[in-house]
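Heads up, the thing below is written out as structure tokens.
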Amino acid sequence: MSNPLVGVIMGSDSDLDIMSEAAKILEELGVAVDVQVISAHRTPDKMAEYGMSAESRGVEVIIAGAGGSAHLPGMTASYTNLPVIAVPIKRENHGDESIKSSRAMPPGIPLAVMPNNGARNAGLYAAAILALKYPEIAKKYAAFRTKLHDDILAKNQTLQDVGWEQYLNGVLD
Ligand code: RP5
């Protein structure tokens, strides 16, 4: 694969089970990714260096996931002019502090904020941004969307064929 166009960063390796969804969908769409653990509060120097050097390294979109007070997405955005997509990490015992913190970026430094644990959509959103420039990515992204569309048509056809009760008890089992 060529140089990573998307940087996927996260505050802890404990976020990787969720953040790997972004890497996975991007690689399925043929987009090379660079995946790193960078903590805003434990390695602030590394976060600054990463943000400041991202553009010169050829990265075009950054996806940043963090839990807790989730400083990583907003602070990374403050170190680069690249688009930054935030993925709030929410575990079962967590509140909504991460998504609220990401959404509350003061005007001037924008963050695209996904739903809690929305790493897959973050990957897709990054692909949509890159599709504006790269026809190959645009083709794969469009094909992905077409498949979503066609899958629903096929499911509805089966629902019409077998009826809702059998669908519920048979097809969905
Ligand atoms: C945040 O604190 C990380 O993004 C993670 O979601 C959370 C817990 O980190 P660990 O204690 O698992 O390293 O900084």
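Note that ligands are numbered from 1 as they come in the structure, with each ligand's atoms numbered from 1 the same way.
- Taking the charged nitrogens against the carboxylate oxygens, K155 and D151 have no contact shorter than 4.0 Å, which rules out a salt bridge.
- Ligand 1 has a nitrogen or oxygen under 3.5 angstrom from a nitrogen or oxygen of S12.
- Residue, atom and distance of the protein heavy atom nearest to atom 5 (C) of ligand 1 are D15 OD1, 3.2 Å.
- Near G11, meaning under 4.0 Å from any of its heavy atoms, are these atoms of ligand 1: 3 (C), 4 (O).
- Using a 4.5 Å cut-off on side-chain heavy atoms (C-beta onward), D161 and Y167 make no contact.
- Atom 8 (C) of ligand 1 has as its closest protein heavy atom S14 OG, 4.1 Å.
- Side-chain atoms of K133 and E60, non-hydrogen and from C-beta on, do get closer than 4.5 Å to each other.
- Considering both main-chain and side-chain atoms, A66 never comes within under 3.5 Å of ligand 1 through any nitrogen or oxygen pair.
- Inter-residue side-chain proximity for L26 and L5 is flagged as unmet; no heavy-atom pair is nearer than 4.5 Å.
- Looking only at protein heavy atoms, the nearest one to atom 14 (O) of ligand 1 is H41 CE1, 3.2 Å.
- The side chain of R42, and not its backbone, has at least one atom closer than 4.0 Å to an atom of ligand 1 (non-hydrogen atoms only; side chain from C-beta on).
- For R57, the CZ atom counts as densely surrounded, since its 6.0 Å shell holds more than 12 non-hydrogen atoms of other residues, nucleotides or ligands.
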R91/D17 under salt bridge (Lys or Arg N to Asp or Glu O under 4.0 Å): CA gap, chis, key distance, verdict: CA-CA 11 Å; R91 301 290 173 185; D17 58 340; 2.9 Å; yes
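- One option in G67, A64, A70 has a heavy atom closer to atom 2 (O) of ligand 1 than any other, and that option is G67.
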